[in-house]
Amino acid sequence: MTLVEIDALTKLYPNTAAHALHGLSLAIQPGELVALLGPSGCGKTTTLKLIAGLLSPSSGDVRFDGRSVLGVPPERRGVAMVFQKPLLFPYMSVGENVAFGLRMRGERPAAIERRVRDMLDLVRLPGLESRRPQQLSGGQEQRVALARGLVIEPRVLLLDEPLSQLDAGLRVEMRELIVRLQRELKITTVFVTHDQEEAVMLADRIALLFGGRLQQYDTPRGFYERPASLPIARFFGGLNFIAGHKHAGRFHCPAGALELNGVTAPDGPGVLTIRPEAIRFAGASANTLRGTITQSIYLGAQTRYLVRSGGVELQVLADPHCPRAPGDSVELTLPKERLWVLPAE
Ligand code: ATP
């Protein structure tokens, strides 16, 4: 298991005016799966290529287990990279594709054959050694690419949107496979995606980049419960944002004063946020607001309600069998441990 440290990494591509990466620092613990998340063009692939050695940084360092790898060529870094498109060798069989890295290392044929068989079992493609890449489905091709990367027992596995070309069902299946393999093999893994749901499902920790700058490096839960800024909260699907003022452990807004718990924002103007699923239709001793339902939207597994309270509109997700309708007067409880305050923009 390898510790990967990215230290003040900056990348300015030739003939470009803006930096693709601005002083990115991250420590990826041995055996951890980290998702690099962010919108298109934020620098995810650039970071991955810098770790792989396919690009050189303008400044900064990449270290594996405390040693700089900047002078080490890609093929000697011990990294395996899987791309959006599987890029299998079309003129080789599946078995030959998976065996490629071991052949290059000059391993013995019997050992190679055994390792290839084990790898194909692991990615749930047993017995497909003699198939050609053209005879595989997109999901199967991607699993072969994964097997080809893993067979060399890399120190670091780099995955660049490997699921984005797959349809929804296959994507879920592949996510589960990647999580299982990564947990089993405990390879330090960096997974690039622009899909926050995918990052949340897969990653131990997420590094969120906007415009080549790290915004927050945290657990998935941290992003939901303690987003560092409004844009981050919005990126993670936050819907309730209430402007007001924090003072002495309470948040004052037009709907009332709400008790806070563990909020680190300084006193002063701020924006209160709470996830729609954290709000309950119930009265309680603390943090109860009275309001009127203005709209209900049936979503199948849940119903989304809009509730107006003292000039504030709140979104609430509740059970679809909840017997409430537009026009009803309701009490809402906003549990204090689910409230979070962000600096005003
Ligand atoms: P996507 O999700 O679209 O793949 P990304 O987050 O992976 O995006 P990068 O591919 O790392 O983003 O690109 C970061 C920035 O660097 C972008 O502004 C991009 O246009 C620029 N860039 C990437 N490759 C080059 C290059 N070879 N030459 C010049 N600029 C580049």
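We count ligands from 1, going down the list as the structure has it; atoms in each ligand are counted the same way.
Looking at Thr294 and Tyr305, their side chains never bring a donor and an acceptor atom within 3.5 Å of each other. Side-chain contact of Asn287 with Thr333: a donor-acceptor pair under 3.5 Å is absent, judged by distance alone.
Within the 3.5 Å criterion, the main-chain N or O of Arg124 finds a donor-acceptor partner in the side chain of Arg143.
Near ligand 1, residues Tyr13, Thr16, Ala20, Pro39, Ser40, Gly41, Cys42, Gly43, Lys44, Thr45, Thr46, Glu161 come within 4.0 angstrom through at least one heavy atom.
The residue from Leu258, Val312, Asn240 that alone fulfils the side chain to side chain contact (heavy atoms under 4.5 Å, CB included) condition with Leu272 is Leu258.
Using the six-membered ring where Trp is involved, Phe223 and Phe236 have ring planes that are parallel, under 30° apart on the 30 and 60° scheme.
Taking a 6.0 Å sphere around NE2 of His247, one finds it holds 12 or fewer heavy atoms contributed by other residues, nucleotides or ligands.
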